[in-house]
S.K.: 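This is the structure, below, for whatever I ask next.
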Amino acid sequence: RRAIGDLSGALRAFDEARRLVSRTRVSTWLRATVGAGHAALALGDTAGAGASFRLAHDRAVEVGDRRIAGTALVGLASIARRAGDDPRCVALLRAATGEALAGGDPTDAVTAAGMLAEMLVERDAVEEAAVLLGAAAEVPDEVAVRVDFGLAYDGGPVRAAVAERLGAER
């Protein structure tokens with residue numbers, strides 16, 4: 001469903017997969033729950049996305065899956081950012097980075113750095129944004145389900161904004 005752009009169908013499929021494997025395959029349930037969160041977020045359903053990300057995060061912490069825990073935190077941070085709750089967004093991104101760098105998904109650290117850099121550029125703290133982007137460039141980036149929903153982080157615009165203000169060499 002994702003491949004053909006049917007986000008509603010993808011959300012239904014993720015929800016069905018969660019129900020089918022909830023008692024047998026924890027790792028599959030976690031991925032389906034995060035997938036449902038991303039699908040809901042892509043559809044603009046922040047309440048549904050938040051519920052899915054919180055469920056995934058809580059269960060991931062319970063079973064020690066740092067990869068899903070960090071990814072769920074990034075999803076929750078995206079919701080906080082959309083709602084204009086910058087302090088909550090920053091706290092969630094810091095937590096996601098901690099999970100990512102302690103064995104989770106490196107993409108979450110790159111995403112967190114990029115989102116924080118965007119917030120810094122908006123506040124005219126371009127030098128600080130450049131430092132974050134430079135550090136993020138050193139982290140190996142991996143992308144999973146988020147790319148299918150157009151939710152994989154694209155650092156191009158913030159990098160261009162920093163380069164425009166500070167010069168391309170920075």
Side-chain angles (χ1 to χ4, degrees), residues 2-3 5 7 10-11 14 30-31 33-54 56-57 60 65-170:
R2 289 188 320 232
L7 298 179
L11 180 58
F14 281 127
L30 287 168
R31 279 146 187 77
T33 304
V34 165
H38 285 297
L41 194 57
L43 289 167
D45 178 8
T46 56
S52 290
F53 289 134
R54 279 188 292 283
H57 176 265
D65 188 328
R66 298 192 103 143
R67 192 173 198 79
I68 293 294
T71 299
L73 289 168
V74 169
L76 291 168
S78 296
I79 293 166
R81 179 104 197 262
R82 286 183 183 193
D85 189 349
D86 287 349
R88 179 167 169 69
C89 178
V90 169
L92 289 164
L93 290 173
R94 288 184 64 201
T97 300
E99 291 292 339
L101 297 178
D105 185 348
T107 300
D108 295 330
V110 172
T111 297
M115 289 174 69
L116 290 168
E118 287 173 355
M119 295 167 79
L120 288 167
V121 168
E122 289 169 5
R123 289 167 175 76
D124 209 29
V126 182
E127 293 278 345
E128 292 83 352
V131 170
L132 275 173
L133 293 172
E138 299 302 313
V139 176
D141 193 7
E142 303 168 5
V143 178
V145 69
R146 288 168 282 181
V147 74
D148 295 322
F149 295 112
L151 296 173
Y153 181 74
D154 177 10
V158 72
R159 287 183 187 285
V162 168
E164 181 180 309
R165 288 185 159 155
L166 299 179
E169 68 280 353
R170 303 236 11 228

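Atoms considered below: every heavy atom in the structure, side chains included; atoms not considered: hydrogens, waters and symmetry mates. Only a predicted model underlies this, so the values are computations on that prediction, with no experimental measurement involved.
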S.K.: Any chance you could measure His57, atom NE2, to Asp65, atom CG, to the nearest 0.5 Å?
M.R.: 11.0 Å
S.K.: Compare every heavy atom of Leu76 with every heavy atom of Gly50, then report the nearest pair and how far apart it is.
M.R.: O-CD2, 3.8 Å
S.K.: Mind listing the closest non-hydrogen atom pair of Ala72 and Phe53 along with its distance?
M.R.: CB-O, 3.4 Å
S.K.: Answer yes or no: is there a donor N or O on one side and an acceptor on the other, between the side chain of Arg82 and the main chain of Thr46, under 3.5 Å?
M.R.: no
S.K.: For Gly114 and Val158, which heavy atoms make the closest approach, and how far apart are they?
M.R.: O-CG1, 4.4 Å
S.K.: Search all heavy atoms of Thr33 against all heavy atoms of Ser52 and return the closest pair with its distance.
M.R.: CG2-O, 3.2 Å
S.K.: Between the side chains of Arg81 and Glu118, is the shortest nitrogen-to-carboxylate-oxygen separation below 4.0 Å, so that they form an ion pair?
M.R.: yes
S.K.: Identify the heavy atoms of Leu120 and Ala129 that sit nearest to each other, and give their distance.
M.R.: CD1-N, 3.8 Å
S.K.: For a 4.5 angstrom cut-off between non-hydrogen side-chain atoms, does Arg67 reach Leu30?
M.R.: no
S.K.: Evaluate the side-chain proximity of Met119 to Leu132: yes if any heavy-atom separation is below 4.5 Å, no if none is.
M.R.: no
S.K.: Supply the atom-to-atom distance Asp105 CG to Thr111 OG1, rounded to the nearest 0.5 angstrom.
M.R.: 8.0 Å
S.K.: Taking CZ in Arg165 as the centre, count heavy atoms belonging to other residues, nucleotides or ligands within less than 6.0 Å. Is the count above 12?
M.R.: yes
S.K.: What's the shortest heavy-atom distance between Ala49 and Ala40, and which atoms?
M.R.: N-CB, 3.6 Å
S.K.: As an exercise, state the distance from CG of Leu43 to NE2 of His38, rounded to the nearest 0.5 Å.
M.R.: 13.0 Å
S.K.: Got a second to check how far Asp86's CG is from Arg123's CZ, nearest 0.5 Å?
M.R.: 4.5 Å
S.K.: What residues, two or more places apart in sequence or in another chain, satisfy side chain to side chain donor-acceptor pair (under 3.5 Å) together with Asp85?
M.R.: none
S.K.: Looking at residues at least two apart in the chain, or sitting in another chain, which of them share a salt bridge (Lys or Arg N to Asp or Glu O under 4.0 Å) with Arg66?
M.R.: Glu99
S.K.: Between CD1 of Ile68 and CG of Leu73, what distance do you get to the nearest 0.5 Å?
M.R.: 11.0 Å
